[in-house]
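Let me begin by presenting the structure, written as structure tokens, before commenting on it.
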Amino acid sequence: MSEITLTFPDGKSRNVPAGTTGLEVAKSISPSLAKRTVAMQLDGALADLADPINNDATINFVARTDAAALELIRHDAAHVMAEAVQALWPGTQVTIGPVIENGFFYDFAKAEPFLPEDLAKIEKKMGEIIAKNAPFTKEVWSRDQAKEHFRKAGELFKVELVDAIPADQDLKIYKQGAWLDLCRGPHMTSTGAIGKAFKLTKFAGAYWRGDSNNPQLQRIYGTAFATQEELDAYLKQIEEAEKRDHRKLGREMDLFHFQEEAPGSVFWHPKGWTLFQTLISYMRRQQQKAGYLEVNSPDMMEKHFWELSGHWENYGENMFTTTLPDERVFCCKPMNCPGHVQIFKHGLKSYRDLPLKIAEFGKVHRYEPSGALHGMLRVRHFTQDDAHIFITENQIMDECLKINDLMLSIYKDFGFEDIFIKLSTRPEKRVGADHLWDKAEKALADVLDEVKRRSNGRIKTALQPGEGAFYGPKLEYTLKDAIGREWQCGTTQVDFNLAGRLGAFYIDEHSQKVTPVMIHRAMFGSLERFTGILIENFAGHFPLWLAPQQVVVAPIVSDADAYAMEVASALARAGLRVETDLRNEKISYKVREHSLAKVPVIIAVGKREAEERSVSIRRLGSEKQTVTPLDEAIAALADEAKTPG
RNA sequence: GCCGGCUUAGCACAGUGGUAGUGCACCUGAUUUGUAAUCAGGGGGUCGCAGGUUCAAAUCCUGCAGCCGGCACCA
């Protein structure tokens, strides 16, 4: 029998007969190693410990507390959950149950819906199954055998899965006691290795194979960790994230509200609107510096115009329409691009005018599916920091890179430096010839390569086939917030179609009419969404320049009222957003209220401060008080409150 | 849009067939107070909307809407 060489993490190696299993190797080293090992990694890839090893490899034995075991714990927990569900509700079909970020799920086909109290029942049954500590064993079945088995068992989704497995792959069946599942593996040695640190978190409906044309299954989400401490820490983290929810903070901080009569539409309150306007003036300044020209285009235009642009055909189901008394049908704009093309078309353009950058803080209306609405993060009326750049074909790379630089510098001003860019290519439903799509996609792919190269690998990228806009492919900028969640904000789209459809052209250096290429781009994306993201990112504790109310001046005794008002008006003259709190309350009461309202700077003034013309400053999140001369305080706060850039 | 859940005072919640409650907030009065809740008194809800069952509905049933958690869709 031939021998193979196994190399261990410490660099040592040993020769064993080909076909020796991981378990045998572990046992040969020490019984205790074999006992605590739940799986192995061969050349870094997880494998069943019982697998025979047939080739030279580096081998690493995985204990259940190793980081590498986490996905196995979760995957095994998903199997155990499926067994538990079938034990409790015979006749339920199992489908798929993968590990996902932070946990796992399993989708079931069951006639009756799960009830809220079922989670606890399933958890209990899972505990029993885990306690039995049945070994996971693997068998390779033939297609026919597997289909026969699942058909008899009434597992029709599994039959479909068997058919979907490529012919060159083994069809693996994993057994845990009497229960079995089709699965690509690997698994740990036995169910007991899952441990007790698992929790089922929620139910959801989910379409079979993620397609809304398919039947809907019932999904149960759960998570599992090696230790209870890690599970508790995770649950705590979820709780903390909930405290940042922009819907909750928006209400508490009196920024905005929603109501039934306008689903998906924001009622901006004064403080929220101040924040919104602060963002707009910041962006306006950035765009002015970058050579954009700001415009404004109509919110409603006649339907035939949207037919011409292709929106009616490709985006019509998302559009709000209204029939006027004269029976003409108008559409609320879901995008600003066609309007900007009209502005471009007004007056003959020369190649010398390009690139022409037209920007608008345009409010667009999109009829989003009711189930998609989510606070400010998904609304039906939102304001884009939109722009359309009209260029010649050979300006694409240069302009996209400029946009990229601007985008990154803007995100940096808000503290977002962890950026992820996705390239979305042609969707099925689209306008324009394929050779134009080829060019547009190639252009963006080149831009992406260049951006990645320039960032020295700091920026991560990905490809999303079929996810582009109907008129062109796009780069989507996703940023990571303070607690690691990702949000899609900016987008850059290269469009060879729309200008031509709407009859826009410029005169080139040979006096010929040429259709310009358009770049569609937004950086915040939606101001509403970006505001929501900022609220959650900062947990309401905005940096001074963004805070809707920057300072409150609170006298400690009414004798200091006059001085407090003087301080406040001096701050206001210095450009700060300041209010006074002259109420007849104790200073601790005022401090508490303004802290809860997340005002970044609380200035308390009593007789002492009035006499020496100073202020006592308390910053949000700190209990420290600093007494500073009034003039110094004003200068320092005004400086800190300056808009970046 | 789909699956499940929820909807009671400004906010957070209790109340599972017998004329609606608590805390905070709000209003009034007293208190002049040194950094996260001063005390006392008072007002406020046709229980999401529309039907139905019942002698009687916040409570049971049906429909609709909105919201929440996902799925699908997406800035």
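Below, read A as the first sequence line, B as the second, and so on, with proteins coming before strands; counting in each chain starts at 1. Fair warning: this is a prediction, and the values are worked out from it, not measured in the lab.
- A salt bridge (Lys or Arg N to Asp or Glu O under 4.0 Å) check over residues 615-625 of chain A, counting only residues at least two apart or in different chains, returns the pairs A:R619-A:E640.
- Judged by distance alone with a 3.5 Å cut-off, no donor-acceptor contact links the side chain of A:S595 to the base of B:U35.
- Sequence neighbours left out, not one pair with a member in residues 254-271 of chain A passes salt bridge (Lys or Arg N to Asp or Glu O under 4.0 Å).
- For A:R592 and B:U38, the CZ to C1' distance is 14 Å, given to the nearest whole Å.
- A:L217 comes within 4.0 angstrom of nothing in the nucleic acid, heavy atoms only.
- Residues satisfying the side chain to side chain contact (heavy atoms under 4.5 Å, CB included) test with A:P427, not counting sequence neighbours, are A:R430, A:W437.
- Judged by atom type and distance alone, A:R251 does not reach the base of B:A12 through any side-chain donor-acceptor pair under 3.5 Å.
- Two rings, from A:Y106 and A:F108, have their centers less than 6.0 Å apart.
- One can place CD of A:E112 at 11 Å from P of B:G5, the figure rounded to the nearest angstrom.
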### Task
Using a 4.0 Å heavy-atom cut-off, write out nucleotides 63-75 of chain B from 5' to 3' as B (base contacted by protein), S (sugar-phosphate only) or - (no contact).
--SSSSBBBBBBB
Side-chain donor-acceptor pairs under 3.5 Å in residues 463-475 of chain A, sequence neighbours left out?
{"residue": "A:Q464", "atom": "NE2", "partner": "A:S424", "partner atom": "OG", "Å": "2.9"}
{"residue": "A:Q464", "atom": "NE2", "partner": "A:E476", "partner atom": "OE1", "Å": "2.9"}
{"residue": "A:Y471", "atom": "OH", "partner": "A:Q493", "partner atom": "OE1", "Å": "2.5"}
{"residue": "A:K474", "atom": "NZ", "partner": "A:E476", "partner atom": "OE2", "Å": "3.4"}

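- Every residue two or more places apart in sequence or in another chain that forms a side-chain hydrogen bond (donor to acceptor under 3.5 Å, both in side chains) with A:E160 is listed here: A:W208.
- Each of A:E593 and A:S616 was matched to the nucleotide of RNA chain B holding its nearest heavy atom; the match closer to the 5' end belongs to A:E593.
- Side-chain atoms of A:E609 and base atoms of B:G34 include a donor and an acceptor less than 3.5 Å apart.
- Residue A:K590 is classed as having no contact, given no heavy-atom separation below 4.0 Å to the nucleic acid.
- Here B:A37 presents its C1' atom at 12 Å from CZ of A:R583, a figure rounded to the nearest Å.
- Here A:E585 lies in heavy-atom contact (under 4.0 Å) with a base.
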List, with names and distances, any nitrogen or oxygen atoms from the protein found under 3.5 Å away from nitrogen or oxygen atoms belonging to nucleotides 45-47 of chain B.
none

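- Scanning for side-chain hydrogen bond (donor to acceptor under 3.5 Å, both in side chains) contacts around A:S614 gives A:E612, with sequence neighbours left out.
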Could you pull out every donor-acceptor pair under 3.5 Å between side chains of residues 521-532 of chain A and any protein atom, sequence neighbours left out?
{"residue": "A:R521", "atom": "NH1", "partner": "A:Q287", "partner atom": "OE1", "Å": "3.2"}
{"residue": "A:R521", "atom": "NH1", "partner": "A:Y292", "partner atom": "OH", "Å": "3.2"}
{"residue": "A:R521", "atom": "NH2", "partner": "A:Q287", "partner atom": "OE1", "Å": "2.7"}
{"residue": "A:R521", "atom": "NH2", "partner": "A:D385", "partner atom": "O", "Å": "2.8"}
{"residue": "A:S526", "atom": "OG", "partner": "A:E528", "partner atom": "N", "Å": "3.2"}
{"residue": "A:S526", "atom": "OG", "partner": "A:R529", "partner atom": "N", "Å": "2.9"}
{"residue": "A:E528", "atom": "OE1", "partner": "A:T383", "partner atom": "N", "Å": "2.7"}
{"residue": "A:E528", "atom": "OE2", "partner": "A:T383", "partner atom": "N", "Å": "3.4"}
{"residue": "A:E528", "atom": "OE2", "partner": "A:T383", "partner atom": "OG1", "Å": "3.1"}
{"residue": "A:R529", "atom": "NE", "partner": "A:L377", "partner atom": "O", "Å": "3.0"}
{"residue": "A:R529", "atom": "NH1", "partner": "A:Q488", "partner atom": "O", "Å": "3.2"}
{"residue": "A:R529", "atom": "NH2", "partner": "A:L377", "partner atom": "O", "Å": "3.0"}
{"residue": "A:T531", "atom": "OG1", "partner": "A:L527", "partner atom": "O", "Å": "2.6"}

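- Contacts of A:E242 with the nucleic acid, taken as non-hydrogen atoms under 4.0 Å apart, are absent.
- Ring to ring, A:F256 and A:F267 are not that close: their centroids are 6.0 angstrom or more apart.
- Residue A:S558 is classed as a base contact, given a heavy-atom separation below 4.0 Å to a base.
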